[in-house]
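Okay, structure first, notes after.
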2 protein chains.
Amino acid sequence: MDHDELSTPGTGERLLATAASLFRRRGYAGAGTRELAGLLGIRSASLYHHMGSKEDLLHRLSVEALVHIHEQVTRAVAEPAAPPERLRALIRAHVVTALADQDEHAVMLMELRALSGERRAEVLALRDRYESLVRQVIADAQDCGALRRDIAPKHLALGLLNLLNWSIFWYQPGRDLSVEGLAELFATTFLEGALPRAERTRQPAQPEPKGRTA
Amino acid sequence: MDHDELSTPGTGERLLATAASLFRRRGYAGAGTRELAGLLGIRSASLYHHMGSKEDLLHRLSVEALVHIHEQVTRAVAEPAAPPERLRALIRAHVVTALADQDEHAVMLMELRALSGERRAEVLALRDRYESLVRQVIADAQDCGALRRDIAPKHLALGLLNLLNWSIFWYQPGRDLSVEGLAELFATTFLEGALPRAERTRQPAQPEPKGRTA
DNA sequence: GTCTATAAAGAGATAGAC
DNA sequence: GTCTATCTCTTTATAGAC
């Protein structure tokens with residue numbers, strides 16, 4: 001295909017990921033273009049061959065993160081499965097994707113304030129679209145009796161997104177929990193709750209045959 | 001008992017809250033001392049009569065937020081009550097306090113990176129102390145059978161703090177949910193989970209008196 | 001306790017050579 | 001595609017008058 005399949009990725013290809021990492025570490029406003037250029041091995045003036053402005057970078061990486069997670073989660077819930085399993089698939093896909101693009105997601109979630117006008121509106125629209133997807137999967141699960149109906153889908157989605165989003169900010173790969181383990185933990189916690197089985201129904205429960213934990 | 005009980009709070013008293021609000025809106029690095037001074041109705045040079053540096057402000061408001069929530073939650077769980085009710089009290093106290101000091105908490109959680117050396121270590125220690133408190137309440141509840149034991153206290157605490165912390169960033173008072181309503185939602189979601197009651201045990205419940213705490 | 005004035009450093013961005 | 005050089009503006013913080 002191309003003559004440089006084996007070469008180091010060019011400045012242009014590394015730019016977004018490098019910016020995401022730096023913005024996350026220093027905050028968008030606290031990240032200087034000189035330091036960003038330094039991480040890429042060039043001078044700050046050369047950045048402007050690859051980008052329009054610093055705000056451009058923030059906008060592009062936010063859009064990329066949201067488009068990617070929407071794609072991945074849409075694909076995960078599209079596979080034919082019963083609704084409770086679709087929700088588990090959503091949780092898995094969300095956790096895996098958000099942690100694979102951890103810098104981009106953290107920055108997208110925290111630095112929306114630094115975008116102005118149209119760009120902010122676009123990112124907000126993509127966020128809304130994604131949250132609607134989550135809410136819809138939850139509402140569908142409620143409709144066929146796979147989720148409790150005494151809490152509004154909106155509020156269940158709120159709780160789920162709280163649970164999922166915050167992990168972006170503390171998760172460190174290879175420390176205690178694997179990404180899959182974290183997804184399993186969240187799915188179990190969100191679906192089953194923290195009460196012991198005996199308390200989760202108002203009746204005394206069955207013996208103790210189950211051994212499933214991660 | 002002072003002579004100006006009725007007067008406007010002085011610059012010194014308004015400083016921390018004003019800084020928290022501004023740091024939250026613009027990010028710590030994006031917040032200028034000129035704008036901060038403007039909000040207080042003075043010039044930026046006059047700020048330095050009330051503070052050592054901008055970083056001082058971040059440090060002080062972070063410590064304040066953590067000391068306050070530790071106090072409030074400690075008090076809430078100290079009241080004699082059965083462990084599951086103690087956990088509900090913790091959730092209520094956390095949500096109420098964190099949302100009462102919403103700006104301080106949001107800034108404390110997001111801008112730790114901007115503190116250097118000793119100050120960062122102090123804030124980190126206070127965070128650890130608070131998380132230990134939460135973990136301890138959860139472990140106690142597990143010990144007397146009020147919470148499931150197949151998930152480590154550390155992991156249950158992780159899930160609970162995820163659920164609670166993220167709300168700092170989107171909650172808007174007087175929109176849809178009251179603070180008490182949110183606390184109730186989180187308590188129910190965390191304890192009972194999202195599955196319908198029939199599904200919250202794995203099998204159709206069998207009448208079986210195996211003792212309430214396995 | 002607040003002011004004016006300013007120092008010293010750093011920011012984002014551009015021009016034009018190579 | 002990257003460089004040097006530089007413009008312009010803003011930043012945190014200080015000095016010293018009032």
Side-chain angles (χ1 to χ4, degrees), chain A residues 2-62 107 111 113-120, chain B residues 2-4 7-62 107 111 113-120:
Chain A
D2 211 275
H3 65 284
D4 54 9
E5 273 172 273
L6 295 178
S7 70
T8 321
T11 301
E13 280 82 50
R14 291 193 297 142
L15 181 55
L16 274 196
T18 308
S21 161
L22 184 65
F23 290 174
R24 185 183 175 201
R25 199 162 64 249
R26 299 244 188 269
Y28 172 74
T33 50
R34 280 165 183 78
E35 190 177 3
L36 174 58
L39 291 169
L40 293 164
I42 57 176
R43 302 287 180 172
S44 68
S46 311
L47 283 174
Y48 293 85
H49 182 76
H50 304 279
M51 72 188 201
S53 67
K54 188 178 146 185
E55 195 188 322
D56 253 5
L57 292 179
L58 177 56
H59 173 249
R60 280 163 51 197
L61 71 87
S62 299
V107 171
E111 302 286 4
R113 61 188 170 206
L115 290 175
S116 44
E118 253 179 289
R119 288 164 158 171
R120 185 205 207 96
Chain B
D2 211 275
H3 64 284
D4 53 8
S7 70
T8 321
T11 301
E13 280 82 51
R14 290 193 298 142
L15 181 54
L16 274 195
T18 307
S21 162
L22 184 66
F23 289 174
R24 185 182 173 202
R25 199 162 64 248
R26 300 242 188 268
Y28 172 75
T33 50
R34 279 168 182 75
E35 189 175 5
L36 175 57
L39 291 169
L40 293 164
I42 58 177
R43 301 287 181 170
S44 69
S46 311
L47 283 174
Y48 293 84
H49 181 77
H50 304 279
M51 72 189 202
S53 68
K54 188 178 145 184
E55 194 189 321
D56 253 5
L57 292 179
L58 177 57
H59 173 250
R60 280 164 52 197
L61 71 86
S62 298
V107 171
E111 302 286 4
R113 61 189 169 205
L115 289 175
S116 45
E118 253 181 287
R119 288 164 156 171
R120 185 205 206 95

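Residue numbering restarts at 1 for every chain, and letters A, B, ... go by the order of the sequence lines.
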What's the [atom1]-[atom2] distance between [X] and [N], to the nearest Å?
| X | N | atom1 | atom2 | answer |
| --- | --- | --- | --- | --- |
| Arg43(A) | dA11(C) | CZ | P | 14 Å |
| Glu35(A) | dA11(C) | CD | C1' | 13 Å |
| Lys54(B) | dG10(C) | NZ | C1' | 13 Å |
| Tyr48(B) | dA7(C) | OH | P | 17 Å |
| Leu40(B) | dG1(C) | CG | P | 13 Å |
| Arg26(A) | dA11(C) | CZ | C1' | 15 Å |
| Leu36(B) | dT11(D) | CG | C1' | 14 Å |
| Leu47(B) | dA15(D) | CG | P | 17 Å |

Subject >> Closest to side chain of Thr11(A), choosing from dT4(D), dA13(D), dT2(D) >> reply: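 Output: dT2(D).
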Original post:
Which nucleotide, dT2(C), dT12(D), dT14(D), lies nearest any side-chain atom of Ile42(B)?
Top reply: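 Of dT2(C), dT12(D), dT14(D), dT2(C) is nearest to the side chain of Ile42(B).
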Below the 4.0 Å mark, does [N] have OP1 or OP2 next to a side-chain nitrogen or oxygen of [X]?
| X | N | result |
| --- | --- | --- |
| Ser46(A) | dG1(D) | no |
| Thr33(B) | dT11(D) | no |
| His49(B) | dC3(C) | no |

Original post:
So how far is it from Met51(B) CE to Arg60(B) CZ, rounded to the nearest 0.5 Å?
Top reply: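 CZ of Arg60(B) is found 9.5 Å from CE of Met51(B).
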**OP:** Return yes if some donor-acceptor pair links the side-chain N/O of Thr18(B) with the main-chain N/O of Arg14(B) below 3.5 Å, else return no.
**Re:**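 Yes.
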Original post:
Quick one: are Leu47(A) and Leu15(A) in side-chain contact, heavy atoms under 4.5 Å?
Top reply: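 A side-chain contact exists here, since the closest heavy-atom pair is under 4.5 Å.
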Original post:
Touch check for Ala37(B), heavy atoms < 4.0 angstrom, all strands: base, sugar-phosphate only, or nothing?
Top reply: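 Ala37(B): no heavy atom of the nucleic acid under 4.0 Å.
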Subject >> Salt-bridge present (Arg26(B), Glu35(B); N to O < 4.0 Å) >> reply: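 Salt bridge present between Arg26(B) and Glu35(B).
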**OP:** With DNA chain D as reference, determine whether Ala45(B) or Ala45(A) sits nearer its 5' end, using the nearest nucleotide of each.
**Re:**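 Going by which nucleotide is closer to the 5' end, it is Ala45(A).
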Subject >> Check against side-chain contact (heavy atoms from CB on, under 4.5 Å), Tyr28(B) and Arg113(B) >> reply: CA-CA 10 Å; Tyr28(B) 172 75; Arg113(B) 61 189 169 205; over 6 Å; no
**OP:** Examine the base of dT12(D) for any acceptor or donor lying under 3.5 Å from a partner atom in the side chain of Arg34(B), and report the outcome as yes or no.
**Re:**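 Such a pair exists between side chain and base.
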